[in-house]
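Worksheet for the structure shown next.
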Amino acid sequence: YLVFDGSLNPTANNGQRMINIDISCGSFSRNLDFRSSNHTYSTGQDIYLFNMGYRKEAIGSCTVTFNETGKFTVNSLKVYCQPMDNYASRIEKLTENKLENIEINSNTITGNISLDKDKLLVLSIPYQKGWTAYVDGKETDIKKANLMYSGLFLEPGDHDIRLEFRRPGITASLCLSAAGIVIFIIALIIRRRRIKMKK
């Protein structure tokens, strides 16, 4: 795994400001797209984790190529090797307590979980603005987990989990739209009165 700590901002306005990179390590190669720091829906993260593939033999170097021109601030760049011998048992242990009875609708996700001790529930939902979490009906802070996902700190016991998504800025947009309609109606009424007065 390659861990990149820094900010990524392309100088050119390429639409939604996506970053495209090529990663190669031995025979492994991959092309990735992800949001830059100034993207509308950026998670605000400054640490990125890249999977550099699996291999049995040692490798001498890995290459990361940024395919956009811009300002890329690098605080640190590290490579980690994760042995896979106990992978299956570790995954099994992580699934001891998991969210069950999951229901996914257009803007909501619900489920329940039972815990025997304090734990962090990690959800494969990107950590970004717009999500609100409720634990047993009470609003709960969403934490950043595993660099880019959402997490909830939970106490022992049975819990009902509910997540709701509302697009950032939607309330302001609705208010502006309503104000625009009211102004249009007022302008229309004034115009009609002026026409009647001229007649």
Side-chain angles (χ1 to χ4, degrees), residues 1-8 15-19 30 32-54 75 78 80 82-181:
Y1 296 93
L2 175 68
V3 178
F4 174 91
D5 179 2
S7 62
L8 306 174
Q16 288 293 318
R17 295 185 181 271
M18 298 293 289
I19 296 291
R30 190 175 180 188
L32 297 170
D33 284 313
F34 57 95
R35 302 181 182 99
S36 66
S37 304
N38 51 13
H39 188 282
T40 303
Y41 297 108
S42 170
T43 59
Q45 72 186 76
D46 53 11
I47 300 177
Y48 302 84
L49 176 68
F50 302 114
N51 188 336
M52 305 300 283
Y54 172 76
N75 298 323
K78 299 178 181 178
Y80 292 91
Q82 174 62 53
M84 303 299 288
D85 299 340
N86 300 321
Y87 181 78
S89 60
R90 289 177 180 176
I91 292 297
E92 186 177 348
K93 186 169 183 62
L94 287 173
T95 58
E96 286 179 355
N97 303 111
K98 59 184 179 180
L99 196 64
E100 298 178 335
N101 303 317
I102 300 172
E103 291 186 13
I104 301 175
N105 297 309
S106 57
N107 292 315
T108 61
I109 299 173
T110 60
N112 49 63
I113 188 170
S114 181
L115 302 174
D116 55 359
K117 60 181 179 180
D118 292 340
K119 283 194 174 182
L120 173 67
L121 172 64
V122 178
L123 305 162
S124 57
I125 298 173
Y127 180 81
Q128 65 180 37
K129 294 178 180 178
W131 284 103
T132 305
Y134 299 90
V135 177
D136 301 325
K138 182 180 179 181
E139 186 173 339
T140 304
D141 290 337
I142 299 176
K143 305 297 183 182
K144 185 187 292 186
N146 292 344
L147 302 181
M148 62 176 289
Y149 295 118
S150 300
L152 301 173
F153 283 114
L154 301 175
E155 297 177 349
D158 298 328
H159 301 290
D160 292 320
I161 308 297
R162 180 181 179 86
L163 292 105
E164 297 179 356
F165 181 78
R166 177 173 291 182
R167 188 182 298 276
I170 192 69
T171 302
S173 299
L174 291 173
C175 290
L176 288 173
S177 298
I181 292 170

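Between the side chain of Asp160 and the backbone N or O of Asp136 there is no donor-acceptor pair closer than 3.5 Å. Formation of a donor-acceptor pair under 3.5 Å by the Ser150 side chain with backbone atoms of Ile142 is not found in this model. The closest donor-acceptor contact from the side chain of Asn51 to the backbone of Gly53 lies under 3.5 Å.
Among all heavy-atom pairs drawn from Lys129 and Phe165, the shortest one is O-CE1, 3.7 Å. The shortest non-hydrogen separation linking Asp118 to Glu155 is OD1-CA, 3.4 Å.
Atom CZ of residue Phe153 and atom CG of residue Asp141 lie 10.5 Å apart, to the nearest 0.5 angstrom. We find the CZ-CD distance between Arg162 and Glu139 to be 12.5 Å, quoted to the nearest 0.5 Å. Atom CD1 in Ile113 sits 4.5 Å away from atom CG in Leu121 (nearest 0.5 Å). For the atom pair CD1 of Ile125 and CH2 of Trp131, the computed distance is 4.5 Å after rounding to the nearest 0.5 Å. Note that CZ of Arg90 is 8.5 Å distant from CG of Asp85, once rounded to the nearest 0.5 Å.
Side-chain contact between Asp116 and Asn97: present, with at least one pair of heavy atoms (C-beta onward) separated by less than 4.5 Å. At least one side-chain heavy atom of Ile161 sits under 4.5 Å from a side-chain heavy atom of Val135. Side-chain contact between Leu154 and Lys119 is absent, with no heavy-atom pair separated by less than 4.5 Å.
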### Stepwise side chain to side chain contact (heavy atoms under 4.5 Å, CB included) test for Ile109 and Ile102
CA-CA 7 Å; Ile109 299 173; Ile102 300 172; 4.3 Å; yes
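Atom OH of Tyr149 sits in a sparse spot, with 12 or fewer heavy atoms from other residues, nucleotides or ligands closer than 6.0 Å.
With respect to the salt-bridge test (charged N to carboxylate O, under 4.0 angstrom), the residues Glu164 and Arg166 do not qualify.
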